[in-house]
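When a ligand or atom number is given, it counts from 1 through the structure's own listing order.
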Amino acid sequence: MSECSAQRDAAAVDQYINSALGLEEPVLEAGRRHAHESGLPPIEVSAAQGKFLKLMAELLGARRVLEVGTLGGFSTSWLARAVGPQGQVVTCEFEPLHAKVAAENLRAAGLDERVQIRVGPAANTLEELVQADTEPFDLIFIDADKRNNVTYLEWGMKLSRPGTLIIVDNVVRGGLILRETLGEDPAAADIRGVQQTYRWLAEDARVDATALQTVGSKGWDGFAFARVL
Ligand code: DHB
Ligand code: MG
């Protein structure tokens, strides 16, 4: 099967799953459309992946979730649903426009009261959270500029406790992680960032990790999972 028809089939199967399980919730899908219409890149997680994040958070009994990379607030909304009305999601976003659209989407979904959007470079926000002695998070979802993944993991460790689950998005990138020579490829820094993520996950004795490939409407990619020991 050619790569193209495999991708078409994977996207069609995602549609089948969404429809069979009723995963496309109207208010969240409206938020997705609002983000695209506002010019945000269509790179948010799929509905099935969003639901997966929600289930993981619920299994952990998570009340506190940290997200790095808000975009239009789609994954944020799934995570905010999981923490319940007493819970909190702190989400970091570099782009003011993304943060504005996310705030609008969270308000429309009735989730704004449990989400704090922090605008600015995530590394600065994470440092501020550490300095403020912020309570540890139960789940940390890293889905921002891939070149800084290791920085986010290091700060994330300081904001976690034994048992915290760290999930990193986009750890396969259509197989680009296999490239050893990246040269002047504009995506090189981000691919290297993902390769460094694997080395960090393998070598840091404070975590136990794995990664899974995914296919579907978001192409061929994957999630890494690390349990803080
Ligand atoms: C990109 C970023 C993402 O977080 C994602 O899920 C897919 C693509 C990107 O920067 O291209
Ligand atoms: Mg992503």
| request: Classify the ring geometry between F74 and W78 as parallel (under 30°), tilted (30 to 60°) or perpendicular (over 60°). | output: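 Ring orientation of F74 relative to W78: perpendicular.
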| message | Is the ring pair F223/F141 parallel, tilted or perpendicular, if the boundaries are 30 and 60 degrees? | response |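 Correct class here is tilted.
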| field | Steps toward salt bridge (Lys or Arg N to Asp or Glu O under 4.0 Å) verdict (R206, D204) | value | CA-CA 5 Å; R206 297 171 297 176; D204 198 298; 2.8 Å; yes
With a 3.5 Å cut-off and sequence neighbours excluded, list the donor-acceptor pairs that the side chains of residues 167-180 form with protein atoms.
from : atom 1 : to   : atom 2 : distance (Å)
N170 : OD1    : K146 : NZ     : 2.9
N170 : ND2    : D221 : OD2    : 3.1

| task | Please report which non-hydrogen protein atom sits nearest to atom 5 (C) of ligand 1, along with the residue it belongs to and the distance in Å to one decimal place. | result |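 The closest heavy atom on the protein side is N170 ND2, 3.0 Å.
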| said: Suppose we measure from atom 11 (O) of ligand 1 to each protein heavy atom; which comes out shortest, and what is that distance? | reply: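 Of every protein heavy atom, R173 NH2, 3.6 Å lies nearest to atom 11 (O) of ligand 1.
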| request: Look only at interatomic distance and state if I43 has a nitrogen or oxygen under 3.5 Å from any nitrogen or oxygen of ligand 1. | output: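 Yes, since at least one N or O of I43 sits under 3.5 Å from an N or O of ligand 1.
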| field | N or O contact, D143 vs ligand 1, cut-off under 3.5 Å | value |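 There is such a contact, yes.
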| query | Just by distance, do the side chain of D143 and the backbone of G69 share a donor-acceptor pair under 3.5 Å? | reply |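 Judged by distance alone, no pair lies under 3.5 Å.
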| message | Donor-acceptor pair, distance only, cut-off 3.5 Å: does the side chain of E93 make one with the backbone of V119? | response |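 Pair absent, no side-chain N/O of E93 close to backbone of V119.
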Considering only NZ, NE, NH1 and NH2 on the basic side and carboxylate oxygens on the acidic side, decide whether [X] and [Y] come within less than 4.0 Å.
X	Y	result
E104	K100	yes
K158	E154	no
E25	R81	yes

| request: Could you list which atoms of ligand 1 come closer than 4.0 Å to a heavy atom of K146? | output: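 Answer, ordered by atom number: 2 (C), 3 (C), 4 (O).
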| Ligand-residue contact atoms, ligand 1 with D169, heavy atoms, under 4.0 Å |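 Listed by number with element, the hits are 6 (O).
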| query | What's within reach of the Mg ion (ligand 2), meaning protein N/O/S atoms under 2.8 Å? | reply |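 For the Mg ion (ligand 2), the protein N, O and S atoms that sit under 2.8 Å away are D143 OD1, D169 OD2, N170 OD1.
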